[in-house]
2 protein chains.
Amino acid sequence: MSYSIGEFSQLVGLSADTLRYYEKENLIYPNRDKNNRRVYTDEDKSWLLFILRLKETAMPIKQIKTYARLRYEGDKTSQERMHLLLEHRKFMLEQRRTLDENIDHLNRKIANYQKQLNERQGIQS
Amino acid sequence: MSYSIGEFSQLVGLSADTLRYYEKENLIYPNRDKNNRRVYTDEDKSWLLFILRLKETAMPIKQIKTYARLRYEGDKTSQERMHLLLEHRKFMLEQRRTLDENIDHLNRKIANYQKQLNERQGIQS
DNA sequence: ATACTTGTTGGAGTTAACTCCATGTCAAAT
DNA sequence: ATTTGACATGGAGTTAACTCCAACAAGTAT
């Protein structure tokens, strides 16, 4: 399957402008037809979805760019890419640790609020 | 204990400019001394550390501002604040779900790379 | 043939969250 | 008495990640 920028935009949930922006930033460059229009493939799709995963875990575009460059350079860079992924996994695990800690803290904070509200309730009744 | 902006800056790991910026955004307003200089207290400290937790979990300053406003309005708003915290907990749990999913996906991706590299190794030897 | 739709580019504008800077004030050190 | 140092304010500048727009191109619908 192949998609125009409009279709692709729908498919992945990004605006056409954003797609063109990503292209300018060298994250993804689709082929063009005889009319110079962008033609996205299913491969572009899975690649973009991966990019979105990276974004979802707060990887800045600059860093994604590095990965993209390696990818477009082909097979010979797979070791490097793997290294990058391992690094990113570390980062994500760290992120999860922080998140868990914050959830914990929030839970305690909420429990406190609850206690206080109950006490006040007690006084009023 | 009370701190000048410089000391406080060290204490919480934000630049003085950032602290003044947060003040402009109404996240935190310390008292002033007779000389109009900011005087931060330990209460300001724990409040700011809480702000940083919220930031760490990607709460935008605008939303933190809402919470700050309620806080500075005093006890009568604690119900509202609690509601806000509950909402934020939902958001954080959602964040964790996404993160776990992405870690999973990344693990599979890494496993794939590993397999491919092994296969190539196999061919070469 | 003309209008409409969807695309193209280059470049300007926007928002969030800082960050930097010029100019000025005051207390402390020399 | 002057220099130094930390701080004050107002406002400009920066970076990331879009978002919008004007002007043009080409295929499609009426």
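Chain letters run A, B, ... following the sequence lines, proteins first and then strands; every chain starts at 1.
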Quiz item: Closer to the 5' end of DNA chain D via nearest nucleotide, is it B:E23 or A:K34?
Solution: B:E23
Quiz prompt | B:S4 side-chain N/O to D:dA6 phosphate OP1/OP2 under 4.0 Å | solution = no
Quiz item: B:I28 CD1 to C:dC18 P: how many Å, rounded?
Solution: 14 Å
Quiz item: Ignoring hydrogens and angles, does a donor from either the side chain of A:D17 or the base of D:dC20 sit under 3.5 Å from an acceptor on the other?
Solution: yes
Quiz item: Any idea which of C:dT8, C:dC26, C:dT6 is nearest the A:R37 side chain?
Solution: C:dT6
Self-check item: Listed nucleotide nearest any side-chain atom of A:Y21, set D:dT19, D:dT9, C:dA17
Solution: D:dT19
Quiz item: When you check the phosphate oxygens OP1 and OP2 of C:dC18, does a side-chain N or O of B:S15 lie under 4.0 Å from one of them?
Solution: no
Practice problem: Using atom types as modelled and distance alone, determine if a side-chain donor or acceptor of A:S9 lies under 3.5 Å from a backbone N or O of A:L14. | Solution: yes
Quiz item: Hey, does the side-chain of A:R20 have a donor or acceptor N/O within less than 3.5 Å of a partner on the base of C:dT8?
Solution: no
Quiz item: Separation of B:Q63 atom CD from C:dA17 atom C1', in whole Å?
Solution: 16 Å
Quiz item: So what does A:Y22 touch, heavy atoms closer than 4.0 Å: a base, only the sugar-phosphate, or nothing?
Solution: sugar-phosphate
Quiz item: Could B:K45 and B:F8 be counted as a cation-pi pair, given that NZ or CZ must be under 6.0 Å from the ring centre and within 45° of the axis?
Solution: no
Quiz prompt | Closest listed nucleotide, where the reference is the side chain of B:R32 and the choices are D:dA8, C:dA17, D:dC20 | solution = D:dA8
Quiz item: Which whole-number value in Å describes the distance from B:I5 CD1 to C:dT19 P?
Solution: 14 Å
Quiz item: What about A:Y67 and A:W47, are their ring centers closer than 6.0 Å?
Solution: yes
Quiz item: Are B:N26 and B:Y72 close enough that a side-chain donor and a side-chain acceptor fall under 3.5 Å?
Solution: no
Quiz item: Taking CG from A:L52 and C1' from D:dA17, how many angstroms apart are they, rounded to a whole number?
Solution: 13 Å
Quiz item: Contact class for B:K55 (heavy atom, under 4.0 Å): base, sugar-phosphate, or nothing?
Solution: sugar-phosphate
Quiz item: Does A:T18 place a side-chain N or O at less than 4.0 Å from the phosphate oxygens OP1/OP2 of D:dT19?
Solution: yes
Self-check item: Side-chain donor/acceptor of B:D33 to backbone N/O of B:N35, under 3.5 Å
Solution: yes
Self-check item: Distance-only donor-acceptor test, B:N35 side-chain atoms vs C:dC26 base atoms, 3.5 Å
Solution: no
Quiz item: Distance-only, no hydrogens or angles: does the B:Q95 side chain make a donor-acceptor pair with backbone N or O of B:T57 under 3.5 Å?
Solution: yes
Self-check item: B:L19 CG - D:dA8 C1' separation (whole Å)
Solution: 14 Å
Quiz item: OP1 or OP2 of C:dT8 sitting under 4.0 Å from any side-chain N/O of A:R38?
Solution: yes
Quiz item: CG of B:L14 versus C1' of C:dA17: gap in Å, rounded?
Solution: 12 Å
Practice problem: Could you check how far CD1 of B:I64 sits from C1' of C:dA17, rounded to whole Å? | Solution: 11 Å
Exercise. Figure out the CZ/P separation between A:F8 and C:dT8, and round it to whole Å.
Key: 13 Å
